[in-house]
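Report on the following structure.
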Number of protein chains: 2
Amino acid sequence: MEKDARDIFKEIGLRVTPQRLEIFKILASMHGHPAAEDVFERIRRRFPSISFDTVYRTLSLFENHGLIKKVHHLADKTRYDTNLKRHHHFVCIRCKKIIDIEWDEIDGIPMPKGVENLGRVEDRYVELRGICKDCLNEEEE
Amino acid sequence: MEKDARDIFKEIGLRVTPQRLEIFKILASMHGHPAAEDVFERIRRRFPSISFDTVYRTLSLFENHGLIKKVHHLADKTRYDTNLKRHHHFVCIRCKKIIDIEWDEIDGIPMPKGVENLGRVEDRYVELRGICKDCLNEEEE
DNA sequence: TCCTAAATAGGAATATATCTTATTTAAAAA
DNA sequence: TTTTTAAATAAGATATATTCCTATTTAGGA
C-alpha cells in the first residue's frame, strides 16, 4: 500500500470518501491482524458517528479489490475435524468445502529462520486454497 | 475413534450420558467437517429436545480431551491481513496472536499426489501453531 | 436405594455480521 | 459554478453463531 490512497481508489473506480481514506490509512498503519471491531474503534476517534456497517462494507470492498485479505476463508462458523490422523486441508474458497489431504513432506522442511524467537511451534498446518472440482464444473455451465 | 465410546469416556473421567454417546457416534459417522449446527440437526432426530447448549458444551469437552479438533484457531471473528507480500503465519493457540512469517521453501515442495483431482489450487498457506513467547513467559510465573 | 455433584433443557443474553431505509455526498454533466 | 443522480453513509433493525443462566434431571458413588 505505497501509493496515495486517493489514486488507488480512482484507479479501481471507487469513490473517494473521507471514511474510506481514513480506514485505508488505519489499515496501513495498523500492524497485526485487525478485526472489524479494531478498525471501528480506531476510526471512531475521527468519525464519532461512523457506523459498524460502513466499516464492514469498506473492508469487504477493499477485500474484493485485493487491497486486504481475510486471514481465513472459513471464519463464519466453527468447523470440527474428526479425523485425528495427521493431515492438512484443501479448502474451496468459493463453496467453503474442506477436503483432507495427507502431505508428510511438509514435516521435512526446516523451519524458517527466526521462528524460534516467536515461540514454541507445536504443529504445522497447511491449507491448499483454490476452487474445487464441483465449483469448476458449475463455472463451465 | 475405534474403541467403544463408553470406555473412552470412562478413561478420561467423563460421565457417560446418552447425549454424549450419541454425539460421539454422530461425529464418528459424519465425514466432512461438521459445524455445531450440523451435529445439532442430526442428534435432534433421536433427542428432539436436546439443546444447542448441550451440543456446544459437548463439542468443547471433546475438543479439550483431544477427541476432535477445531479446523481453525481463529474462528471467533474475521481477521484481516494488510500485508500483501506473500507470507504465512505463526498463530498462538492460547492468545490467538498472529505473526507474519516468510517461508519461500514451501513453494518448492511438489503437491501431494491426487490433489489435481480435488480442484484447482491457487495458493498454499502455512500456519505454524504453538505458544508464543509472551504466553510462554506468563506460564513460567 | 439414597445422595450429590455434574449434566441437561430451555430460554435469555451476547457477539459478530448483514440488511433496510432515509439522508447525505462524490463526482459527472450541464 | 451549479445541478443532477447514483453511490455511500448513519442508524437501527435483523440474522446468525455462540455462550450464559437457572431450574430440573441424572450418573454414578456411597
Side-chain angles (χ1 to χ4, degrees), chain A residues 4-24 26 33-65 67-80 96, chain B residues 4-24 26 33-65 67-80 96:
Chain A
D4 185 53
R6 195 175 296 269
D7 296 334
I8 295 178
F9 292 174
K10 283 185 179 161
E11 263 175 42
I12 54 185
L14 301 180
R15 286 198 178 181
V16 178
T17 72
Q19 291 91 338
R20 279 179 191 167
L21 287 171
E22 184 67 14
I23 290 176
F24 187 92
I26 286 172
H33 300 77
E37 199 190 349
D38 303 319
V39 176
F40 180 69
E41 290 307 333
R42 282 278 310 264
I43 195 170
R44 234 140 77 96
R45 300 182 197 162
R46 296 215 180 189
F47 296 81
S49 69
I50 196 167
S51 72
F52 241 114
D53 184 59
T54 298
V55 173
Y56 277 110
R57 228 182 330 97
T58 306
L59 290 173
S60 286
L61 188 78
F62 287 178
E63 197 207 352
N64 291 336
H65 288 89
L67 301 179
I68 58 176
K69 287 168 72 177
K70 286 186 181 172
V71 170
H72 285 148
H73 288 87
L74 303 165
D76 46 338
K77 50 173 100 169
T78 302
R79 308 274 298 266
Y80 289 90
K96 314 300 182 192
Chain B
D4 186 54
R6 196 175 295 270
D7 296 335
I8 296 177
F9 292 174
K10 282 186 179 162
E11 264 175 42
I12 54 186
L14 300 181
R15 287 197 177 180
V16 178
T17 71
Q19 291 92 336
R20 278 179 192 167
L21 287 171
E22 184 67 15
I23 290 176
F24 187 92
I26 286 171
H33 300 77
E37 200 190 349
D38 303 319
V39 176
F40 180 69
E41 289 306 332
R42 282 276 311 263
I43 195 170
R44 234 142 75 97
R45 300 181 197 164
R46 296 215 179 186
F47 296 81
S49 69
I50 197 167
S51 74
F52 242 112
D53 185 58
T54 297
V55 173
Y56 276 110
R57 231 181 328 97
T58 305
L59 290 173
S60 286
L61 189 78
F62 287 178
E63 198 207 353
N64 290 338
H65 288 89
L67 301 179
I68 57 176
K69 288 168 73 177
K70 285 187 183 173
V71 170
H72 286 146
H73 287 87
L74 303 165
D76 46 336
K77 51 174 103 171
T78 301
R79 310 273 299 267
Y80 290 90
K96 314 299 182 194

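Proteins get letters first, then strands, A, B, ... in listed order; numbering begins at 1 in each.
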- Below 4.5 Å, heavy atoms only, C-beta onward: do K10(A) and V16(A) meet side chain to side chain? yes
- Message: Within the 4.0 Å limit for protein heavy atoms, which parts of nucleotides 25-30 of chain C are touched? Write it as a string from 5' to 3', B for base, S for sugar-phosphate only, - for none.
- Response: BBS---
- Message: Is there a side-chain contact between H73(B) and K70(B) in this structure, where contact means two heavy atoms from C-beta onward sitting under 4.5 Å apart?
- Response: no
- Protein-nucleotide distance (E41(B), atom CD; dA17(D), atom C1'), rounded to Å: 14 Å
- At under 4.0 Å, does any side-chain N or O of R57(B) touch on OP1 or OP2 of dT19(D)? no
- Query: Relative to each other, are the rings of F24(B) and F9(B) parallel, tilted or perpendicular (30° and 60° limits)?
  - Reply: perpendicular
- Note on the structure: Correct closest heavy-atom pair for Q19(B) and I43(B) would be O-CD1, 3.8 Å
- Closest approach of F62(A) to R20(A) (non-hydrogen atoms, all atoms of both residues): CZ-O, 3.8 Å
- Task: Go through the steps for R57(A) and S60(A) under the test side chain to side chain donor-acceptor pair (under 3.5 Å), then give the verdict.
- Result: CA-CA 5 Å; R57(A) 228 182 330 97; S60(A) 286; over 6 Å; no
- The contact string for nucleotides 11-20 of chain C, one letter per nucleotide 5' to 3', using protein heavy atoms under 4.0 Å with B, S and - for base, sugar-phosphate only and none, comes out as -----SBBBB
- Query: With side chains defined as the heavy atoms from C-beta onward, is the minimum distance between I12(B) and L67(B) less than 4.5 Å?
  - Reply: yes
- Message: From CZ of R20(B) over to C1' of dG28(D), roughly how many Å is that when rounded to an integer?
- Response: 13 Å
- Provide, to the nearest angstrom, the distance between the CZ atom belonging to R46(B) and the P atom belonging to dA9(C). 15 Å
- Item | Sole candidate of T54(B), I68(B), N64(B) that passes side chain to side chain contact (heavy atoms under 4.5 Å, CB included) when paired with L59(B) | I68(B)
- How far apart are the closest heavy atoms of V55(A) and F40(A), and which atoms are they? CG2-CD1, 3.8 Å
- Query: If we only count heavy atoms from C-beta on, is the F47(A) to E22(A) side-chain gap below 4.5 Å?
  - Reply: yes
- Item | End axis versus end axis in the helix from dT1(C)-dA30(D) to dA30(C)-dT1(D), the angle rounded to 10°, five pairs used at each terminus | 30°
- Task: Check the distance between dT8(C)'s P and R44(B)'s CZ and give it to me in whole angstrom.
- Result: 17 Å
- Query: Side chains of E37(A) and K77(B): does their closest heavy-atom pair fall under 4.5 Å?
  - Reply: yes
- OP1 or OP2 of dT26(D) sitting under 4.0 Å from any side-chain N/O of Q19(B)? no
